[in-house]
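Inspection log for the structure reproduced underneath, given as structure tokens.
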Amino acid sequence: MNYQKELDKLIEQLQKEGKTPRLLLHSCCAPCSSYVLEYLSNFFEITVFYYNPNIFPETEYTKRILEQQMLIDDMKVKHPIAFLAGQYDRERFFDIAAGLEHLEEGGERCFKCYELRLAEAAQVAKKGNFDYFTTTLSISPMKNADKLNEIGNELAAKYGVLYLQSDFKKKNGYKRSIELSNEYGLYRQDYCGCEYSFRDRQKEKENKK
Ligand code: SF4
């Protein structure tokens with residue numbers, strides 16, 4: 001499925017109908033959200049939902065959330081962007097990662113990590129009467145867009161709120177996120193987020209040395 005084409009069609013339809021739906025956008029970090037916000041804020045009334053109990057250590061979590069808020073404050077966009085922070089409930093992440101700690105990024109642990117964060121977003125979207133929910137995660141070349149959309153659609157059916165299908169790396173989304181990160185002077189981390197991805201990145205650096 002070409003998720004970007006599907007999104008293009010949906011946006012075209014919304015434009016024709018003169019609608020600006022409310023979107024709860026789960027964000028993993030400011031750099032990944034930059035392009036998604038620049039793009040989707042033309043068509044949606046967005047609330048950024050920062051729910052990332054996977055992030056290690058806590059100082060990194062604080063750094064990323066502050067960076068996210070700063071970006072929202074700085075961005076010049078068509079429709080104003082609101083911000084909502086979830087809980088930093090790390091135990092929930094450790095529960096889903098149990099037994100999968102040894103895996104590299106991109107495997108089963110990551111699929112469970114997507115699901116943890118998207119399930120929280122779906123429930124918050126339902127409670128807050130949002131029209132759609134989605135995530136910035138598909139912008140990363142390291143993330144599996146098929147899996148993200150599959151999980152998003154399942155959660156949409158489970159919680160009764162629409163999932164905005166997407167693959168934000170298309171249309172040069174990832175490239176644009178790097179340009180915007182430079183433009184806004186954003187901190188760009190060099191590991192995905194959890195302590196296992198941190199461990200693997202450290203190993204890679206040592207091997208290079
Ligand atoms: S590597 Fe990233 S997506 Fe995978 S479990 Fe860790 S934080 Fe989650």
Side-chain angles (χ1 to χ4, degrees), residues 3 24-37 48-69 71 84-125 133-156 163-170 173-174 177-178 181 186-208:
Y3 303 107
L24 188 78
L25 173 68
H26 164 266
S27 172
C28 56
C29 61
C32 287
S33 72
S34 60
Y35 161 74
V36 182
L37 289 172
V48 169
F49 180 50
Y50 192 86
Y51 178 72
N52 298 294
N54 49 316
I55 296 174
F56 166 88
E58 192 167 350
T59 47
E60 177 73 16
Y61 177 88
T62 307
K63 211 171 176 178
R64 291 193 196 187
I65 197 169
L66 288 175
E67 203 71 5
Q68 179 72 76
Q69 287 168 298
L71 175 67
L84 182 64
Q87 297 288 314
Y88 185 42
D89 39 16
R90 301 198 60 209
E91 289 311 313
R92 288 185 73 195
F93 174 71
F94 291 130
D95 284 349
I96 60 102
L100 305 171
E101 297 89 342
H102 60 289
L103 297 178
E104 288 182 1
E105 184 176 351
E108 189 58 29
R109 187 189 65 236
C110 298
F111 299 161
K112 288 185 179 289
C113 183
Y114 303 166
E115 190 179 356
L116 172 70
R117 292 182 277 170
L118 278 172
E120 188 72 12
Q123 290 169 80
V124 170
F133 75 104
T134 196
T135 176
T136 57
L137 284 166
S138 70
I139 198 166
S140 163
M142 299 294 284
K143 302 288 182 295
N144 183 325
D146 285 331
K147 200 72 194 170
L148 281 164
N149 284 288
E150 180 191 313
I151 293 170
N153 286 326
E154 281 170 11
L155 292 166
Y163 182 70
L164 193 73
Q165 301 199 109
S166 53
D167 188 358
F168 294 120
K169 67 181 78 56
K170 302 288 184 204
Y174 181 65
S177 75
I178 295 171
S181 298
L186 299 176
Y187 157 66
R188 296 189 77 224
Q189 61 279 350
D190 69 354
Y191 67 105
C192 182
C194 65
E195 63 182 85
Y196 317 117
S197 59
F198 180 76
R199 168 200 68 197
D200 293 345
R201 190 50 49 96
Q202 294 307 108
K203 260 191 223 161
E204 259 176 51
K205 284 183 192 169
E206 276 163 31
N207 289 342
K208 268 187 194 161

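Residues: numbered from 1 along the sequence shown. One-based numbering, in listed order, for ligands and for the atoms of each. The figures that follow rest on heavy atoms only: side chains count, while hydrogens, waters and symmetry mates do not.
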Check your understanding: So, Glu67 side chain and Ala30 main chain: donor-acceptor pair closer than 3.5 Å or not?
Key -> no
Practice item. Please check if the side chain of Arg92 supplies one atom and the backbone of Leu116 the other of a donor-acceptor pair under 3.5 Å. Key: no
Where ligand 1 meets [X] - atom numbers and elements under 4.0 angstrom, heavy-atom basis:
| X | value |
| --- | --- |
| Ser197 | 1 (S) |
| Arg117 | 3 (S), 8 (Fe) |
| Glu105 | 1 (S) |

Can you pull out the closest protein heavy atom to [atom]? Residue, atom name and distance to 0.1 Å, please.
| atom | answer |
| --- | --- |
| atom 2 (Fe) of ligand 1 | Cys192 SG, 2.3 Å |
| atom 5 (S) of ligand 1 | Arg109 NE, 3.2 Å |
| atom 4 (Fe) of ligand 1 | Cys110 SG, 2.3 Å |

Review point. Is the closest basic N to carboxylate O distance between Glu105 and Lys143 below 4.0 Å?
Key: yes
Point to revise | Parallel, tilted or perpendicular: ring planes of Phe111 versus Tyr114, cut at 30 and 60 degrees | key: tilted
Review point. What do we get for Cys194 next to ligand 1 when only non-hydrogen atoms under 4.0 Å count, side chain, backbone, both or neither?
Key: both
**Study point:** atom 6 (Fe) of ligand 1 to nearest N/O/S of Cys113 below 2.8 Å
**Key:** no
**Study point:** Ring center gap for Tyr50 and Tyr61 short of 6.0 angstrom
**Key:** yes
Exercise for review: Cation-pi check, Arg64 to Tyr191: give yes when NZ or CZ is under 6.0 Å from the six-membered ring centre and within 45° of the ring axis, no otherwise.
Suggested key: yes
